[in-house]
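Treat the numbers as computed from the prediction; the structure is a model and nothing was measured. First the proteins, then the strands, lettered A, B, ... as listed; each starts at 1.
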Protein chains: 2
Amino acid sequence: MAGVEGHIRIRQGDGRIVGTHSHPELTKNQSLVFGTLNRADGPLTAYAILDLLRDEGFRAPLQVYRALEKLLDFGLVHRLESLNAFVACSHPGCSQHHAVAFAICETCGNVLEFTPDAALKDLSKWAGDCGFSPAKTTIELRGTCRGCGQAATN
Amino acid sequence: MAGVEGHIRIRQGDGRIVGTHSHPELTKNQSLVFGTLNRADGPLTAYAILDLLRDEGFRAPLQVYRALEKLLDFGLVHRLESLNAFVACSHPGCSQHHAVAFAICETCGNVLEFTPDAALKDLSKWAGDCGFSPAKTTIELRGTCRGCGQAATN
DNA sequence: ATACAAGATGTAACTATGTAACACTGATGG
DNA sequence: CCATCAGTGTTACATAGTTACATCTTGTAT
């Protein structure tokens with residue numbers, strides 16, 4: 001894979017080291033996008049990521065979308081379908097959890113990621129009964145988190 | 001509400017009857033959009049609806065989005081977040097089922113609507129434990145339906 | 001070494017999806 | 001009569017995502 005030496009360092013074409021990360025196989029652009037999502041305290045749209053990376057030389061949305069596609073493949077990033085936005089996975093080593101759920105607070109914008117095992121099992125059962133083979137499962141709750149709900153009733 | 005007489009007939013501003021439907025409170029544009037979704041054999045995007053209604057005088061996306069917003073409120077239509085598309089509710093009198101799930105076949109485009117009670121209960125339990133108040137729940141399975149799966153292995 | 005294949009990147013143009021702002025109409029209720 | 005409100009029509013705009021094409025880098029086979 002291009003731009004990677006050993007497990008950690010990322011180099012540009014001229015050999016200059018431009019960044020490090022804990023995941024061994026990220027290219028420069030993937031690393032920049034992943035870093036941006038990790039630093040963010042909530043979901044970001046692709047265009048928001050683009051704006052945050054202008055200083056790093058990003059110019060076109062495709063640079064973001066291509067990196068996001070790989071990061072989604074790796075399981076490092078999730079897409080929130082109801083927001084057209086992306087978040088870094090909050091599980092330590094998330095590659096396993098290909099099915100996950102999100103609770104999105106519409107007041108403060110924070111997102112909670114969780115794994116609703118019983119719900120996923122029920123959906124799998126339904127799928128099996130119907131002969132449907134799910135490739136990806138999207139579960140998103142839009143609503144109000146505890147903090148915002150309390151603030152509203154005070 | 002404008003454009004409605006009694007329970008059934010829909011009139012334009014000049015009093016001319018332009019359509020009928022089984023839901024008593026739809027305006028002309030709402031009725032046209034709902035009819036289009038009902039006739040379709042799968043989900044439609046807002047712009048696809050717009051194109052199908054050009055002959056009826058539709059000119060701008062807002063005419064579609066405004067109708068869809070009301071139809072979503074009434075529970076007559078669902079939005080598929082992972083497709084940015086809309087479907088007529090397939091339940092007889094759907095207003096009750098504010099939480100529903102979809103299985104979307106990525107091969108043939110067909111959508112199955114179902115109500116996964118156990119999954120919804122599990123998600124409600126999780127929300128209760130976390131103090132999260134869900135306003136809307138999105139559950140969408142992307143994958144392959146029975147027919148398309150069988151066709152692929154033949 | 002050299003040549004080739006595959007993956008990654010850069011850029012411009014374009015399509016698709018969704019909203020803001022403003023004007024106008026017709027019904028309803030004082 | 002007049003105010004109000006939901007619905008409608010229209011223009012322009014904002015946001016989200018893709019196609020097409022060229023270049024570069026790296027790994028691999030010869």
Side-chain angles (χ1 to χ4, degrees), chain A residues 1-6 9-19 23-34 43-74 77 79-86, chain B residues 1-6 9-19 23-34 43-74 77 79-86:
Chain A
M1 186 165 294
V4 172
E5 175 188 287
R9 280 173 289 278
I10 307 162
R11 291 167 181 272
Q12 289 202 342
D14 57 9
R16 184 164 48 94
I17 294 175
V18 295
H23 220 258
E25 298 294 353
L26 295 186
T27 68
K28 180 193 165 211
N29 283 3
Q30 290 160 18
S31 182
L32 287 167
V33 169
F34 185 52
L44 293 175
T45 68
Y47 278 70
I49 296 170
L50 174 58
D51 286 338
L52 289 170
L53 289 175
R54 297 237 180 237
D55 292 345
E56 310 293 331
F58 273 49
R59 293 273 165 277
L62 201 48
Q63 296 175 286
V64 178
Y65 284 110
R66 285 201 279 228
L68 285 172
E69 182 182 357
K70 293 296 183 180
L71 294 170
L72 289 168
D73 282 349
F74 299 157
V77 162
R79 178 191 175 93
L80 300 175
E81 301 287 351
S82 66
L83 293 177
N84 294 328
F86 304 85
Chain B
M1 188 166 294
V4 173
E5 174 189 287
R9 281 173 289 279
I10 307 162
R11 292 167 180 270
Q12 290 200 340
D14 58 8
R16 184 163 48 92
I17 294 175
V18 295
H23 220 257
E25 297 295 354
L26 296 186
T27 67
K28 180 193 164 209
N29 284 1
Q30 290 160 18
S31 182
L32 287 167
V33 168
F34 185 53
L44 294 176
T45 67
Y47 277 72
I49 296 169
L50 174 58
D51 286 337
L52 289 170
L53 289 175
R54 297 238 179 237
D55 292 345
E56 310 295 331
F58 274 48
R59 294 273 166 278
L62 208 46
Q63 294 175 286
V64 177
Y65 283 110
R66 287 200 277 228
L68 285 172
E69 183 182 356
K70 292 297 182 180
L71 294 170
L72 290 167
D73 282 349
F74 298 157
V77 161
R79 178 191 175 94
L80 299 175
E81 301 287 352
S82 66
L83 293 178
N84 293 328
F86 303 85

Quiz item: Can you name the nearest heavy-atom pair linking B:A67 to B:Q30, along with the distance?
Solution: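 For B:A67 versus B:Q30, the nearest heavy atoms are CB-CA, 3.9 Å.
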Exercise. Grab the two heavy atoms, one from B:L80 and one from B:P43, that are nearest each other, plus how far apart they are.
Key: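 For B:L80 versus B:P43, the nearest heavy atoms are CD1-CB, 3.7 Å.
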[X] side chain N/O closer than 4.0 Å to the phosphate oxygens (OP1, OP2) of [N]?
X     : N      : answer
B:T27 : D:dT8  : yes
B:R59 : D:dA12 : no
A:N84 : D:dT15 : no
A:Q63 : C:dT9  : no
B:T45 : C:dT17 : yes
B:K70 : D:dG7  : yes

Practice problem: Go through the structure and list residues passing side-chain contact (heavy atoms from CB on, under 4.5 Å) with A:A46, not counting sequence neighbours. | Solution: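 By the side-chain contact (heavy atoms from CB on, under 4.5 Å) rule, A:A46 matches A:V64, A:Y65, A:L68, A:F86.
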Practice problem: Report the residues that fulfil side-chain contact (heavy atoms from CB on, under 4.5 Å) with B:L52, sequence neighbours left out, ordered by chain and then residue number. | Solution: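 For B:L52, the residues satisfying side-chain contact (heavy atoms from CB on, under 4.5 Å) (neighbours in sequence not counted) are B:T36, B:L44.
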Atom [atom1] of [X] and atom [atom2] of [N]: how far apart are they, to the nearest Å?
X     : N      : atom1 : atom2 : result
B:E56 : D:dG9  : CD    : C1'   : 16 Å
B:L50 : C:dT15 : CG    : P     : 16 Å
A:Y65 : C:dG10 : OH    : C1'   : 17 Å
A:E69 : C:dG7  : CD    : C1'   : 12 Å
B:E25 : D:dG7  : CD    : P     : 10 Å
B:L26 : D:dT8  : CG    : C1'   : 16 Å
B:L83 : D:dA16 : CG    : C1'   : 15 Å
B:L53 : D:dT8  : CG    : C1'   : 14 Å

Quiz item: Which residues satisfy the side-chain hydrogen bond (donor to acceptor under 3.5 Å, both in side chains) test with A:Q63, sequence neighbours excluded?
Solution: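 Not a single residue meets the side-chain hydrogen bond (donor to acceptor under 3.5 Å, both in side chains) criterion with A:Q63.
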Quiz item: Among all residues two or more places apart in sequence or in another chain, which pass the side-chain hydrogen bond (donor to acceptor under 3.5 Å, both in side chains) test with B:N84?
Solution: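 For B:N84, the residues satisfying side-chain hydrogen bond (donor to acceptor under 3.5 Å, both in side chains) (neighbours in sequence not counted) are B:R79.
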Might you list the N or O atoms of the protein lying below 3.5 Å from N or O atoms in nucleotides 21-25 of chain C, with each pair's distance?
none

Self-check item: Nearest-nucleotide comparison on DNA chain D, the residue closer to the 5′ end among B:A67 and A:A48
Solution: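 Closer to the 5' end of DNA chain D: B:A67.
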Quiz item: Going by ring centres under 5.5 Å and near-parallel planes (under 30°), is B:Y47 stacked on C:dT17?
Solution: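 Here B:Y47 meets both the 5.5 Å and the 30° conditions.
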Quiz prompt | Sequence neighbours excluded - salt bridge (Lys or Arg N to Asp or Glu O under 4.0 Å) pairs with any residue from residues 54-69 of chain B | solution =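 Salt bridge (Lys or Arg N to Asp or Glu O under 4.0 Å) check on residues 54-69 of chain B returns B:D51-B:R54.
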